[in-house]
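Okay, structure first, notes after.
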Number of protein chains: 2
Amino acid sequence: MAGRPRAFDREQALRSARDAFWERGYEGTSMADLISAMNISSASIYAAFGSKEALFREAVADYDANDGGFASRALTEEPTTRAALRRMLVDAVTLFTRPGKPRGCMVVLSAPRCAKENEGVSDWLSVQRRARHAAIVRRIREARDYGEIKPEADPEVLADFYTTFLQGLSVQARDGFSKKQMMASIDSAMQVFDAVVQHPS
Amino acid sequence: MAGRPRAFDREQALRSARDAFWERGYEGTSMADLISAMNISSASIYAAFGSKEALFREAVADYDANDGGFASRALTEEPTTRAALRRMLVDAVTLFTRPGKPRGCMVVLSAPRCAKENEGVSDWLSVQRRARHAAIVRRIREARDYGEIKPEADPEVLADFYTTFLQGLSVQARDGFSKKQMMASIDSAMQVFDAVVQHPS
DNA sequence: CCTATTTTGGATTGATCGATCTTGAATGGA
DNA sequence: TCCATTCAAGATCGATCAATCCAAAATAGG
């Protein structure tokens, strides 16, 4: 069962679409933009990805599987919760200020507001953000279970604080705040964790 | 010099437009949406406001002159910088979770990303955010000048931290985090300021 | 009254939106 | 070779975009 072979690389086209969406958001990126960014025709896009929305969701999935997965990587790969939270924020700032890449997180900035007919996309992004938040909650719960932080510390409150700060970094990056500036404010944010660290007596 | 009098209240129509834009963002709100929200015809909108973009800018100005001005009010009306920062955050959360109103800040969420032809709008909103940040910097510099915080504390770093956290609250509100949750994380954020407070010896 | 001026609703503009159709090219298996 | 199948380029779809035009309606001044 064969036929004419595809003349473009699907993964490469997806990455081009991802960067286009990352730069201009879901509604801000038109099919015409995608056609020129992916360098293939409209028909090819629909044959390979189904629709603009399906393409966007694949693009976000790709983002999340690579650059955008900084949070889950940091949260699972670091030995201590403090190191995990700090690395999550540092990696975020590094990603959000990478030269030649759009500034800020694709999941945060692509569609916080949108037309009624695109609410599904906006809400789906919200679910992605909440999943990231849930991972942060889990990691901080571990910190309490293993005695890294004081037993009276509230993991949910701490997680809410760090999620809020993380979301804010996207807006700051969008507004042109420097990598150095944002790295410095991470030091401020870490003081909140340090206040509940359980020190060996 | 007269003519047929205007049959609608301009301020009320502006407020309706403001809420529509606040809810769905700049690009997500179409002229058809505005026509039904403001309950006047397209021609009337253009006669009274000039263009969709001009209407949006007036809507943001109205937002800023009322609800959206919570930050400058808090920063100028409170006796201490700590109280000012805290009230700024509390008022933000209160506004962002007001029943019957869109969740999150209009200036933050309306157009962080957009089509190339609307970049002017997005950048203008960015300028608004930077102005708010500048006000925070000014207030914290005062705190150091008047000895409210330690002389070695860096006002810029502190301001960056609070601006980042404030921007994050909009995203959190958008994602349905509760007023109670966000108020609790404000307490966490205030620890950063408390760490540099100059205590009377 | 008449005229100049402004606003109104509704029709309509060209452009662009996302999506599809048509037509022909490119393949593998029979 | 012939055919079923898949892909691609470009034209094109109806819908919607922001914006404007037009003619009727409503006022103030003379």
Side-chain angles (χ1 to χ4, degrees), chain A residues 1-14 16-18 20-21 23-60 110-111 113-122 124, chain B residues 1-14 16-18 20-21 23-60 110-111 113-122 124:
Chain A
M1 321 273 255
R4 178 173 172 175
R6 179 176 286 149
F8 62 93
D9 183 68
R10 194 182 186 280
E11 280 190 46
Q12 187 184 316
L14 179 59
S16 300
R18 178 202 60 194
F21 280 128
E23 171 114 32
R24 307 219 158 268
Y26 179 66
E27 290 185 335
T29 308
S30 69
M31 284 305 300
D33 293 333
L34 291 168
I35 288 164
S36 71
M38 303 167 79
N39 212 28
I40 55 178
S41 74
S42 168
S44 301
I45 295 175
Y46 278 87
F49 300 100
S51 68
K52 184 191 173 187
E53 179 174 337
L55 173 59
F56 177 73
R57 295 196 188 223
E58 266 201 66
V60 171
S110 281
R113 298 286 196 231
C114 64
K116 196 173 293 179
E117 63 265 25
N118 296 322
E119 247 176 6
V121 172
S122 181
W124 177 73
Chain B
M1 306 299 242
R4 177 172 173 174
R6 180 175 284 150
F8 63 93
D9 183 69
R10 193 182 187 280
E11 280 189 46
Q12 186 184 316
L14 180 59
S16 300
R18 178 202 60 194
F21 279 128
E23 171 111 32
R24 308 217 156 270
Y26 178 66
E27 290 186 335
T29 308
S30 68
M31 283 307 297
D33 293 334
L34 291 168
I35 287 164
S36 70
M38 303 167 80
N39 212 29
I40 55 177
S41 74
S42 168
S44 301
I45 295 175
Y46 278 87
F49 300 99
S51 68
K52 183 191 174 187
E53 179 173 338
L55 172 59
F56 177 74
R57 296 196 188 222
E58 265 201 65
V60 171
S110 281
R113 298 286 195 231
C114 64
K116 196 173 294 179
E117 62 266 27
N118 295 322
E119 246 175 6
V121 172
S122 181
W124 177 72

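When reading the values below, keep in mind they use all heavy atoms of this one structure, side chains included, and skip hydrogens, waters and symmetry mates. Letters A, B, ... are given to chains in the order of the sequence lines, protein chains preceding strands, and every chain is numbered from 1.
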In whole angstrom, give the distance that lies between atom [atom1] of [X] and atom [atom2] of [N].
{"X": "B/Glu53", "N": "D/dC17", "atom1": "CD", "atom2": "P", "result": "18 Å"}
{"X": "B/Met31", "N": "C/dT16", "atom1": "CE", "atom2": "P", "result": "18 Å"}
{"X": "A/Lys52", "N": "D/dT16", "atom1": "NZ", "atom2": "C1'", "result": "13 Å"}
{"X": "A/Tyr46", "N": "C/dC17", "atom1": "OH", "atom2": "P", "result": "11 Å"}
{"X": "B/Phe8", "N": "C/dT6", "atom1": "CZ", "atom2": "P", "result": "15 Å"}
{"X": "B/Arg10", "N": "C/dT8", "atom1": "CZ", "atom2": "C1'", "result": "17 Å"}
{"X": "B/Ile35", "N": "D/dA18", "atom1": "CD1", "atom2": "C1'", "result": "10 Å"}
{"X": "A/Phe49", "N": "D/dA8", "atom1": "CZ", "atom2": "C1'", "result": "15 Å"}

Has B/Ser41 got a side-chain N or O lying under 4.0 Å from the OP1 or OP2 atom of C/dG10?
no
Rounded to the nearest 0.5 Å, how far apart are CD of A/Glu23 and NZ of B/Lys116?
8.0 Å
Looking at C/dA19, C/dT8, C/dA26, which one has an atom nearest to any side-chain atom of A/Ser42?
C/dA19
Please determine, for the side chain of B/Ala43, which listed nucleotide (D/dA18, C/dT8, D/dA8) has the closest atom?
C/dT8
So which one's nearest nucleotide on DNA chain C is more toward 5', B/Ala7 or A/Arg4?
B/Ala7
Would you indicate what B/Ser44 reaches in the nucleic acid, counting non-hydrogen atoms under 4.0 angstrom: base, sugar-phosphate, or nothing?
sugar-phosphate
Pair B/Arg24 + A/Glu119: basic N to acidic O under 4.0 Å
yes
Would you find more than 12 non-hydrogen atoms of other residues, nucleotides or ligands less than 6.0 Å from A/Glu117 atom CD?
yes
With a cut-off of under 6.0 Å to the ring centre and 45° to the axis, is A/Lys52 in cation-pi contact with A/Tyr26?
yes
